Amino acid sequence: MRKPFVAGNWKMNTNSHSSVELVNGIVSGSSEVAGEKVHVAVIPPFVYLQCVAKALSTASIALGAQDIYYEQKGAFTGEISASMLKDIGCTYVLCGHSERRHVIGETDELVNKKVTAAIAGGLLPILCVGELIEERKASKTEEVVTRQIKKGLAGLSAEKASAVTIAYEPVWAIGTGLTATPQQAQETQALIRKLLGEIYDSELAGETRILYGGSAKANNAAELMGQEDVDGLLVGGASLQADDFVAIIQAAV
Ligand code: PEP
């Protein structure tokens, strides 16, 4: 059975004080359900990972990073490796978030190298996929998501791929206030699960967690997570207020 999973991507927000205040609020508000009934992760900016890790030391909430570089070490100014993230207590790492694909210009090939390096380094990647509005209007959602998943998981055995969580995040719904309807999320996420069955097998497809992301909030979280193939939520804006994020965590139970 897939336990629900709610992850908060803080993007380029918070500071050294507010990151700790935020995580403390999340820890105290979710202590009865986090870990036990729902997996929870917070994904702060790199520079606040350590202070958030310290605040999480006795909590059942995992830490994640927003990005990773695929090399292990060396002359890669500004980049962060899997072993560095592991060293400071990260469990998860986002790979191929739409803002990295469409603002920074990451390709499917680069995302695949990051997913592969994350797994090799003992991290659990959250592979983000999703179509642009023009792709949805042109009925290309399935084509785009299929390509992103096939290329993102290229070269990974079923054993390695079992470390991956998929996040379906339609780009037109991220940070826009436009949420995919529960039916739209379910339709695409069922396609993703079917695709995983074709690439690997039904066991892996049945066990892989597939999250929805895109303007998820306390007032739509339960309905989204009520869909058969929506195993949880990747939350951006609504993860920046402890009360809002805690309400989303509670909606998963
Ligand atoms: C995200 O950044 O992954 C996201 C889903 O953002 P928001 O919830 O703000 O749309």
Side-chain angles (χ1 to χ4, degrees), residues 4-14 18-19 22 26 38-46 48-49 52 62-68 90-106 111 114-115 118 124-133 135-136 141 144-145 148-149 152 164-182 184-186 188-189 192 209-225 227 229-252:
F5 180 25
V6 175
N9 172 17
W10 298 358
K11 311 194 188 192
M12 198 170 72
N13 292 296
T14 70
S18 65
S19 58
L22 175 56
I26 294 168
V38 46
H39 288 298
V40 180
V42 290
I43 310 178
F46 284 133
Y48 305 128
L49 283 168
V52 171
L63 186 66
Q66 296 177 16
D67 191 26
I68 184 176
C90 285
T91 301
Y92 292 97
V93 61
L94 297 180
C95 295
H97 187 278
S98 75
E99 285 145 21
R100 297 212 60 85
R101 291 180 189 266
H102 299 294
V103 181
I104 313 289
E106 290 193 3
V111 173
K114 293 184 174 196
V115 171
L124 303 176
I126 301 175
L127 171 61
C128 304
V129 300
E131 79 287 1
L132 297 162
I133 188 64
E135 292 166 335
R136 173 158 283 265
T141 299
V144 170
V145 167
Q148 290 173 331
I149 290 192
V164 178
T165 296
I166 306 282
Y168 168 57
E169 301 204 299
V171 182
W172 47 272
I174 298 182
T176 57
L178 290 175
T179 316
T181 63
Q184 285 171 322
Q186 168 57 27
T188 307
Q189 298 192 198
I192 292 173
R209 292 177 302 190
I210 307 176
L211 312 183
Y212 166 80
S215 300
K217 297 180 193 68
N219 65 7
N220 58 25
E223 207 187 345
L224 284 162
M225 287 188 277
Q227 305 301 307
D229 290 296
V230 179
D231 304 318
L233 298 170
L234 179 54
V235 185
S239 70
L240 293 171
Q241 297 293 333
D243 289 354
D244 292 344
F245 191 56
V246 166
I248 293 172
I249 295 167
Q250 303 283 1

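Given the structure is predicted, the values throughout are model-derived calculations rather than measurements. Whatever order the structure lists ligands and atoms in, that order sets their numbers, starting from 1.
Assignment of K217 to the shell around ligand 1 is not supported, since no heavy atom sits closer than 4.0 Å.
For atom 9 (O) of ligand 1, the closest heavy atom belonging to the protein is G237 N, 2.8 Å. Residue, atom and distance of the protein heavy atom nearest to atom 1 (C) of ligand 1 are H97 NE2, 3.2 Å. Nearest to atom 3 (O) of ligand 1 among the protein's heavy atoms is E169 OE2, 2.6 Å. The protein heavy atom nearest to atom 4 (C) of ligand 1 is G236 N, 3.6 Å.
For CG of D243, the number of neighbouring non-hydrogen atoms (other residues, nucleotides, ligands) closer than 6.0 Å is 12 at most.
Every side-chain contact (heavy atoms from CB on, under 4.5 Å) that V171 has, sequence neighbours left out, goes to S98, H102, L132.
Under 4.0 angstrom from ligand 1, the non-hydrogen atoms of L234 come from both its backbone and its side chain.
Residue G175 approaches ligand 1 through these ligand atoms, each under 4.0 Å from one of its heavy atoms: 7 (P), 9 (O), 10 (O). Near S215, meaning under 4.0 Å from any of its heavy atoms, are these atoms of ligand 1: 7 (P), 8 (O), 10 (O). Heavy-atom proximity to G214, at under 4.0 Å, picks out these atoms of ligand 1: 5 (C), 10 (O). Within ligand 1, the atoms closer than 4.0 Å to a non-hydrogen atom of A173 are 10 (O), numbered from 1 in the order shown.
A side chain to side chain contact (heavy atoms under 4.5 Å, CB included) with L234 holds for exactly one of T165, I174, N9; it is N9.
Put simply, the side chain of K217 reaches to within 4.5 Å of the side chain of N220, judged on heavy atoms. T141 has its side chain out of reach of Q184: every pair of non-hydrogen atoms, C-beta onward, lies at least 4.5 Å apart. Between R101 and V129, the closest side-chain pair of non-hydrogen atoms falls below 4.5 Å. By the 4.5 Å heavy-atom criterion applied to side chains, L127 and V111 are counted as neighbours.
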